[in-house]
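The structure appears below as structure tokens.
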Amino acid sequence: MTFVWIGSAVAALATAWWFGLWVARRRAASSTEPALTEARSELTRRLNELFSLQELTYVLSDSIQLDRIAEQVTHYVERFIPCDGAAVVLGDDPPDRLRVLAAGGSLKKLQGTEVAGGRDSGLLALAMAEEQLLTVEGDETPLVIGDTHAPQAAAVPLRAHGLTLGAIAVVKQEPQAYTQEDLRLLSTVATHAAMALANARFFSLVHSGKLQWETTFDALADGVAVVDEAGRVRRANRALAEMMGMKLPDIIGLDLSAALAPGTGELSDLFTAARSKTRQPPLTFRSTALNRILRVSPSLISPEVAPGWVAALIEDVTDQKALEAQLIQSEKLAAVGQLVSGVAHELNNPLTSIAGLSEFLLQHPEPGEHDRDHVRVIHEQAERAAKIVRDLLAFARKGPSDVGDVDINDVTQRALSLIGYELRLRAVELSTEFAEGLAPIRGDRHQIQQVVVNLITNAAQAMSELDADLPRELHVSTALERKQAVLRVADTGPGISDELLPRIFDPFVTSKASGKGTGLGLSITYRIVEDHGGRITVENRPKGGALFTVALPVGRPTPSPAPAIDEEGVVTTTPPEGRRILLVDDDPAVRRMIGVLFAQDGQDVEAATDANHAVDLLGRNRYDLVIADARAAVSAGEGFAEVVNARFPELAGRTILLTADVRSETEEWLRGLGCRYFRKPFNVRELRAAAAEILR
């Protein structure tokens, strides 16, 4: 558009001057020779102006630098308009200050400076304010610009796109005023210059904005990527390049999902969901490619700008998750400390029955039929004690995130069994309501159990502050609402003050007395629920007390293997008869119990005295099943389990390991072996069921 307009202006000027040439010739034909000479001189001057103006147009259109354009305009004005000095200035909006881009002649000293703007600041500023060409002449030597006065001066505003950008000023000391031709040429130059300066200024603003955006983009500490509709990276910042250990140009074009989460498709699903214009919660996952924990937050770019493109914020939260895990573990240990007295009480009761009845049976060398009831009680109480220990270990165990299908009803019931004694100790009346057929959620059962324990413990502690004659009722319920598993914990305690209610999930905020709480329990609970894609809310009940509501998205259940069913349609856990089992354990009591257990099912059980003996037996005989203590050692630094995996790989799927070690590193090691394993004390029926599945 600019070039077309400039070309039209030049053509109009050329037509006018050629018309002037024709008139000059007509006059010359009827005038004297001096008049003809003057006409020719005028024609030559105008032709020179025309070609110079065309040359200026090319120069202006070829440059995008403000200073360069202003310099060319100043040189042109000084060349073709009688003057002692010329200047090109730009003003702000409003033009309180004027910046001298270029100046020459008597105005040279002003180049690169800023002068005052406003109507009273001289002829140049007044021309900008009036938005028209102004001239001054006379002996009063009026103010032109800055501190410069001149008897003859002209100033023309630079206007483009309806805006006044600045002005051009010319001054001279001669008494002769500027002619109309001079002023017309000055106006023409101003029109061309204004368009070129406007374009250059716009480009400068865009370029400056681009540099600022790119600088900010690269200054972010977290990774940022812009992916197209195919999931390929179109833009990325340096933080992402450093995170991925790559050079920035090498990231462009990569499939971001395959680069950060190979083989899972998690990121692809996240970007697809973001393109549906629904707000997506951040995705937190362990990147096997980077061996880091990442959190990716997607944001859909406007379809008018880039259809199907998504901006992703990639945060490395490995250290944050480690700190959160430490805080969760600290809270677990604090809760375990509170539960110790209750667990001790719960264990003492079954152990008393076991010890007493077993001693009674030992006093009768030939137990009769009536003693079977005593044995049954011993068995039941042993199972009860084992369950308490298992629940306590499962709650207190520290280990890596173990994501799987979690039955919210089972987790809640286990938590209540742990806290049952404390509830009774605080005279809390418990009522429960569990939804039947509730689909499992997808998450870490240990963290979910931590949430339940925190909420129930807080409720019990709050109600313990009530007077003895006031009701202490705790209601725990589950339900399925809008494809979410909802857990509600309601109490009849004092509730939460209006001052603390909005901040109850903030770190170090607690309603307990000084020294009785860290203020981290509910903060950790909130973080766990959020990381599982859920929400937790709290409100005061109308009749007193607080109601905590936890909503977690229901995941697709992982199908469990079908149980064995006999001909009568009854589920069986009994292994088929006639199989050979190798038993490896350094505890004679454990060997005796397991040996008797499988021998009565018709199995041929052979017990090894130690791990070396077991390896020797495996080399000489064939076994259908191996049951071994996980920490059985063949030699220093070499465990029996590793030897079996290395020398007898065919037994990897037919080996069951037993362990009493509750350390997290043991948990990881057992998972890495690929064998089935049980923690002591184990459930006999579960062990027999696993053995039956292998032996079938």
Taking the side chain as everything from C-beta on, heavy atoms only, tell me whether [X] gets closer than 4.5 Å to [Y].
X: Thr412; Y: Leu487; result: yes
X: Trp669; Y: Glu642; result: yes
X: Arg275; Y: Leu300; result: yes
X: Val226; Y: Trp309; result: yes
X: Asp316; Y: Ile293; result: no
X: Val406; Y: Val411; result: yes
X: Leu455; Y: Ile536; result: yes
X: His475; Y: Glu433; result: yes

What closest approach, in Å, do [X] and [Y] show between heavy atoms, and which atom pair accounts for it?
X: Ala225; Y: Leu256; answer: CB-CD2, 4.1 Å
X: Gly223; Y: Met243; answer: N-CE, 3.9 Å
X: Leu480; Y: Ala485; answer: CD1-N, 4.4 Å
X: Ala546; Y: Arg541; answer: O-CD, 3.8 Å
X: Val224; Y: Asn237; answer: N-OD1, 2.9 Å
X: Asp444; Y: His532; answer: N-NE2, 3.0 Å

- [ ] Dump the intermediate steps for side chain to side chain contact (heavy atoms under 4.5 Å, CB included) on Arg286 and Arg292, then the final yes or no.
- [x] CA-CA 6 Å; Arg286 175 172 287 278; Arg292 307 292 289 175; over 6 Å; no
- [ ] Ignoring hydrogens and angles, state whether a donor on the side chain of Asp531 or Thr284 is under 3.5 Å from an acceptor on the partner side chain.
- [x] no
Open item on the list: We want to know whether Asn454 and Gln450 form a side-chain donor-acceptor pair, criterion being a heavy-atom distance below 3.5 angstrom.
Closed with: yes
TODO: Report, as yes or no, whether the 6.0 Å neighbourhood of atom OH on Tyr526 holds more than 12 heavy atoms from other residues, nucleotides or ligands.
DONE: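 No, not enclosed.
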TODO: Give a yes or no on whether Arg535 atom CZ has more than 12 heavy-atom contacts from other residues, nucleotides or ligands under 6.0 Å away.
DONE: no
[X] side chain vs [Y] backbone, donor-acceptor pair below 3.5 Å:
X: Thr478; Y: Ala435; answer: yes
X: Asp467; Y: Asp469; answer: no
X: Asn540; Y: Ile496; answer: yes

Roughly how far apart are [X] [atom1] and [Y] [atom2], rounded to 0.5 Å?
X: Leu658; Y: Ile594; atom1: CG; atom2: CD1; result: 5.0 Å
X: Phe434; Y: Asn409; atom1: CZ; atom2: CG; result: 6.0 Å
X: Arg414; Y: Ile419; atom1: CZ; atom2: CD1; result: 14.0 Å
X: Leu466; Y: Thr492; atom1: CG; atom2: OG1; result: 6.0 Å
X: Ile504; Y: Thr537; atom1: CD1; atom2: OG1; result: 13.0 Å
X: Gln449; Y: Ile528; atom1: CD; atom2: CD1; result: 11.0 Å

Task: side chain to side chain contact (heavy atoms under 4.5 Å, CB included) between Ile448 and Ile408, worked out - done: CA-CA 8 Å; Ile448 299 300; Ile408 191 68; 3.7 Å; yes
Does [X] come within less than 4.0 Å of [Y], counting only side-chain N to carboxylate O?
X: Glu429; Y: Arg424; result: no
X: Asp585; Y: Arg591; result: no
X: Arg676; Y: Glu693; result: yes
X: Arg445; Y: Asp410; result: yes

Open item on the list: Under the criterion side chain to side chain contact (heavy atoms under 4.5 Å, CB included), I'd like the reasoning laid out for Phe640 against Val584: C-alpha separation, chi angles, the key distance, then a yes or no.
Closed with: CA-CA 9 Å; Phe640 174 75; Val584 188; 4.1 Å; yes
Task: Pair Leu294-Leu260, side chain to side chain contact (heavy atoms under 4.5 Å, CB included): steps then yes or no - done: CA-CA 9 Å; Leu294 305 179; Leu260 297 182; 4.2 Å; yes
